[in-house]
Amino acid sequence: MVFPAFQNVIMHTLGLSLVAGAPLLLMAGCCLRPLREASFRLLPLSVLPALLAVLFIPPGVEVEVGWFFMGGAMELDAMGRIFLTLTACVWLFAALSVHEKFRQDPHRFRFAGFFLASMSGNFGLILARDVLGFYLFFALMSFSAYGLINHNRTEMTRKAGRVYLVLVFLSELAMFTALVFLSARGETPSISAIPAADFSPLLLFLLFIAFGVKIGALPLQSWMALSYQQAPIPAATALAGAMVNAGILGWLRFIPLGHIVLPGGGIFFIVMGSLAAIYGVIFGLYQDKPGRALASSSISQMGLVTVIAGYGLLSDEAGQAALTLMALFAMHHSLAKTSLFLGYDMIDRGGRVSGIFLLAGLLLPCLSLAGFPLTSGAMVKGALKELVAMGGGSWYLFGKVFLPISSMGTTVLMLHCARLLRQHNRSNGEGNTTVAARLWIASIALVAATPWLWPPLHNLGRHSLQWQALAQSLWPVALGTVLALVWFATGSRLPARNRDVADFDYLARSLSGGFMQILVAVTDFFAGLRHAMESWLSRQENLRDFIRTRGPGKWEKVLGRWSVVYLFYLLICIFLFIIMYGTLYS
Amino acid sequence: MTNMLYSFTGLILFVFGLFALISCPHPLRKILGGNVMSTGIFLFLVATSYRTDTASIDPVPQAMVLTGIVVSVSITAVALVLATRLQQSANRAMNRREKKNEGGAAEG
Amino acid sequence: MVSAESWIAVPVVVPLAAALLSFLVRRGSLFISLAAAIINVLAAAILVNQFFVSGPAQYAVGGWDPPLGISLRTDGPALIMLVLTGLTGVAISLYAWGYFSFRIDQPARAGRPEKQERFFWPLWMLQLTGLNGLFLSGDIFNIYVTLELIGVSAAGLAALSGKSASITAALRYLLVSLLGSMSYLLGVVFLYKTYGVLDLGLLQKMAGPTPGVIAALAVMSVGLLLKTAIFPMHFWLPPAHANALAPVSAILSGLVVKGSFFLLFRLWFDIFSPALPHTAFSLMGALGAGAILWGGIQALRQQRLKLLIAYSTISQLGYLLIAFPLAFTGGNSQTWSAVLFMASGHACAKIAMFMSAGTIMLHLGHDRIRELAGIRAYLPVTAFAYAAAGVNLMGLPPSGGFIGKWMMLIASLSTHQWLWALVLLAGSFLAVAYVFRVVEQLFVIPPDAPFIERHPRAGLLEWPALILALISLLMGLIAPYPLRLLDTGMAPQVVQVIGG
């Protein structure tokens with residue numbers, strides 16, 4: 001009887017290790033000249049272990065991987081299973097699309113390498129049960145994604161990549177500091193056992209920065225529009241559909257929602273989130289490129305996730321509710337966003353779908369995001385209303401007002417996105433588009449079917465079918481649609497729209513680039529300071545001499561003398577002797 | 001008592017050698033200083049082979065001294081070779097400089 | 001043919017035989033040495049395996065048991081260092097092969113590289129003998145002999161390039177190492193006078209705080225600190241390491257300083273730790289902190305690549321010392337395992353860096369940092385190896401340096417020794433600065449970059465460096481293995497068998 005159990009352990013260890021390991025193995029294959037052709041052909045198969053793990057590994061299996069990076073553990077818990085299913089689906093779509101689109105590209109191996117590395121990081125962080133393992137995989141994913149954004153090394157992609165990299169560094173720094181705080185008692189805790197007692201507002205703020213970068217929380221969002229537009233569309237699909245979720249998962253794993261109450265932190269999250277939700281809509285309406293408009297909608301939707309987390313921090317029971325709601329929201333958003341990006345991909349490649357089907361296919365995910373009845377959006381928003389009710393007092397009122405406004409805004413923005421997508425001119429429509437079209441149709445089916453087939457949503461689904469709920473979710477969308485149609489009919493005019501919003505410099509100086517502006521200003525300041533220092537130094541002969549001959553250089557010369565070394569030799573010897581001798585008789 | 005005398009003489013030799021190794025700039029003196037140091041240690045070591053409890057002599061320190069002398073000789077040899085090379089290259093550099101100076105004088 | 005327990009003598013005997021043979025047989029010296037290096041690494045692997053099966057081993061050379069005889073023994077720390085020298089030894093041998101054949105191909109200075117190569121192999125094998133002997137020896141006088149062997153062969157290697165600067169540096173190096181080993185020998189005599197034994201195991205049982213032990217430890221420690229080039233006694237290291245031939249710089253900076261450090265580690269943690277007060281550990285930590293900061297600052301000042309790398313060695317050696325107070329008060333046995341783990345990670349990274357610097361110097365003819373722009377264009381593997389090794393020095397995950405620094409950081413925070421944590425972070429920032437100073441030069445290709453043809457046989461120069469750099473970069477991922485090896489090694493009673 002022992003033997004089958006042992007066999008199971010081996011199977012589970014192997015299965016879970018391969019989830020993150022298979023993409024890495026393929027990546028190694030992509031780096032080696034003799035294997036890379038075959039590795040590229042196998043690209044979509046890299047997702048297979050993740051899908052198999054979701055299907056076959058029973059819940060509650062925890063595997064110790066003692067040999068790996070400070071001794072880690074892997075587990076596929078309920079939360080992880082939701083995220084792994086979702087992430088694996090998105091990566092599968094993206095991988096199939098990359099496989100088709102990059103077949104002739106000369107740099108396809110490099111691109112596939114970065115693609116697989118970020119995939120591996122994304123899968124690994126879902127499974128990781130120890131804090132350091134999570135950190136490692138998160139870093140792998142974030143830094144490899146730079147290679148996806150700066151894929152062809154043109155001026156524009158390099159700019160986008162640089163903005164992304166600066167923010168990723170900021171996020172890694174914040175995360176590392178947070179880890180140090182968490183481990184300050186001498187033991188690095190496992191993710192499930194992060195003590196609520198140690199949780200300070202400072203730690204919460206650090207986590208906000210660390211994962212806020214990934215989800216585009218308000219002052220940290222400037223990379224999103226640039227990257228989504230510049231990255232190849234399959235990579236943008238992965239960024240928008242899968243990697244964003246890693247940020248949400250980070251909050252879910254690290255903030256012990258339901259065990260802590262931090263009203264100050266909660267208010268901070270709610271305010272930042274609602275600002276982001278509104279800002280995303282306004283910024284998005286200014287965009288005339290599909291990638292950037294879709295990115296703005298991500299910023300706005302992730303603002304809602306931040307709001308949910310904020311409400312979760314207000315009380316214990318709200319925390320429990322927020323925990324599940326954030327996961328559901330992540331699922332709802334990334335399915336819809338993936339479908340939109342796949343549609344964008346198909347249109348970009350020149351796929352031919354007759355007008356009415358195209359419109360319907362694009363509108364379904366758009367309306368789902370807006371919260372139209374009978375979609376997952378409506379269910380999630382219904383749950384959000386219940387959560388807001390738990391907030392109590394003024395925050396309940398705030399939610400009552402804010403949620404319909406946000407729904408209306410989202411509707412207008414999503415219709416704008418759908419319009420941009422329909423009007424999009426295909427770039428270089430060569431090659432086969434059937435794969436792209438099939439992927440798109442599959443993703444639409446997924447968006448339409450998931451709310452009704454997926455067990456965790458059954459309750460919410462029944463709830464959303466009541467008349468009152470239907471009416472409540474319908475009116476903001478209807479109002480938003482009317483507003484959007486009026487806006488389209490009057491020529492989509494906006495104040496100061498005529499400026500070129502795609503221009504990076506404009507962006508850097510606009511509201512969205514406020515943060516970048518500060519960064520630029522700081523670096524400019526230091527560069528200016530250094531310049532001033534240098535020019536001043538070049539005029540100060542004496543001082544320059546001092547630095548060159550009296551500063552570290554001079555002291556290094558002094559330390560190079562035998563007599564000085566002798567002195568230190570004797571001093572250290574005597575000190576050691578005295579110290580030890582002193583304790584001998586004390 | 002004589003044993004102590006030997007030990008202290010050894011230590012004093014060690015310190016003398018150390019001082020020479022540090023303070024004399026010339027490589028040869030430094031090498032000789034190192035030699036004196038090792039001799040001091042060997043003297044000290046030999047003195048430890050005296051045992052009060054038994055009449056016999058401890059053979060281990062003697063074996064150690066013999067090994068130490070071999071090591072010391074080889075290090076001295078290597079150091080001397082390096083010092084000679086250094087002297088040669090210094091001489092060559094000096095000759096070259098003198099030649100240059102002479103050439104410069106002839107042209108001038 | 002070879003009995004199970006006498007495998008322990010192989011890492012000492014085989015390189016020694018190879019040294020003598022390659023001195024006699026001039027033609028095949030390269031292949032003799034290469035074979036010896038490979039046998040060495042195999043023997044290390046077999047010893048590790050034996051260790052996991054049957055625990056620490058002891059072997060009395062010639063059948064004489066301690067206290068009279070000399071014993072060789074294996075334990076966790078010794079095995080880690082043995083595996084390290086084994087792996088890096090093969091890589092250095094391959095690199096040296098490529099290096100000398102590259103130089104012999106170049107018509108300038110005919111005859112000189114051949115001569116250098118002829119003396120390189122025996123000296124390098126002697127060096128390997130000395131290091132392996134130092135790690136395996138269980139007898140403090142025998143360790144003295146290996147120290148001298150290391151010192152003499154290192155000085156010989158440092159002088160190989162034949163330039164006047166390198167001979168000056170080599171002579172200074174020899175004298176310093178003489179001073180260091182004489183101090184150590186004096187300590188040996190004190191210990192023998194006090195206890196009448198030379199065996200490490202026996203000393204460990206007897207050692208207590210007596211005046212004899214204290215005097216011995218003080219002189220031994222200062223001598224070893226001098227030999228390890230710990231600030232402020234580091235003056236001999238930069239010229240010796242920077243003026244030597246590239247494979248020699250790699251050996252000196254990666255392995256030789258680790259030899260004397262290993263001995264210091266063994267004395268302080270393994271043998272005499274009960275006799276030592278906390279303040280003594282703090283003094284070591286203070287020296288380490290000085291080394292980290294001073295070495296980092298000096299590295300930033302340098303104009304030549306090899307000098308920069310040499311000063312970064314001084315800075316990185318400081319980390320090994322700063323762990324002394326942390327391990328002592330932390331009470332967590334992992335912290336001192338971190339010391340040797342970090343030392344081996346640094347060895348791989350530093351060797352890879354010196355190899356890359358050597359490859360660059362062969363192709364460009366100089367190593368001025370300002371003029372290195374665009375190396376990536378024709379030596380991509382080398383540039384990548386340098387950057388990967390730099391990640392380890394900066395201490396970013398998943399490198400071995402990250403694990404080491406992380407464990408030290410946690411130890412210092414949990415025992416509220418904030419000062420050391422600050423120094424650790426400051427050192428990392430300095431490392432980021434001096435690594436990026438070079439990496440940004442290597443990777444940015446200016447439009448007017450000169451086109452330099454890559455040597456067709458540069459593969460032997462580039463790949464060993466890359467492999468070592470990758471080992472140092474990915475070492476963190478398998479950190480629990482070496483750490484467990486170290487843990488079981490230091491406490492023989494809790495030997496665990498992996499998988500059992």
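Proteins come first, then strands; the chains are lettered A, B, ... in the order of their sequence lines, and each starts at number 1.
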Handout entry: Contact class of C:Leu174 relative to chain B, heavy atoms under 4.5 angstrom
Key =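 The answer is the side chain of C:Leu174.
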Problem - Proximal component of C:Leu178, with respect to chain B [non-hydrogen, under 4.5 Å] - result: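 Side chain of C:Leu178 only, per the 4.5 Å heavy-atom cut-off to chain B.
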Could you tell me the separation between the [atom1] atom of [X] and the [atom2] atom of [Y], rounded to the nearest 0.5 Å?
X: B:Met37; Y: C:Ser183; atom1: CE; atom2: OG; value: 5.5 Å
X: B:Arg85; Y: C:Ser166; atom1: CZ; atom2: OG; value: 9.5 Å
X: B:Met64; Y: C:Asn142; atom1: CE; atom2: CG; value: 11.5 Å
X: B:Thr48; Y: C:Phe190; atom1: OG1; atom2: CZ; value: 11.5 Å

Practice task
Could you check which of C:Val145, C:Val188, C:Leu149, C:Thr168 has the highest count of heavy-atom pairs closer than 4.5 Å to chain B?
Solution key: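 Of the candidates given, the most pairs with chain B belong to C:Thr168.
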Problem - C:Leu171/B:Lys30 under side chain to side chain contact (heavy atoms under 4.5 Å, CB included): CA gap, chis, key distance, verdict - result: CA-CA 10 Å; C:Leu171 183 61; B:Lys30 278 190 194 292; over 6 Å; no
Could you look at [X] and say if it's the side chain, the backbone, both or neither that has a heavy atom under 4.5 Å from chain C?
X: B:Val71; answer: side chain
X: B:Ser72; answer: neither
X: B:Leu21; answer: side chain

Problem - Nearest atoms (heavy-atom pairs only) where B:Pro61 meets C:Tyr192 - result: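 Scanning both residues, the minimum pair turns out to be CG-CE2, 3.5 Å.
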Practice task
List the atom of C:Leu186, the atom of B:Ile41, and the distance in Å for their closest heavy-atom pair.
Solution key: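 Minimum heavy-atom contact is N-CD1, 4.0 Å.
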Exercise for the section: Take C:Met182 and B:Phe14 through the test side chain to side chain contact (heavy atoms under 4.5 Å, CB included) and record every step on the way to the result. Expected result: CA-CA 9 Å; C:Met182 280 300 144; B:Phe14 179 85; 4.1 Å; yes
Do the non-hydrogen side-chain atoms of [X] and [Y] ever get within less than 4.5 Å of each other?
X: B:Thr67; Y: C:Tyr144; value: no
X: C:Leu185; Y: B:Phe42; value: yes
X: C:Lys193; Y: B:Ser7; value: yes

Problem - Residue B:Ile57 excluded, over 12 heavy atoms near CD1 under 6.0 Å - result: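 Check fails, neighbour count at 12 or below.
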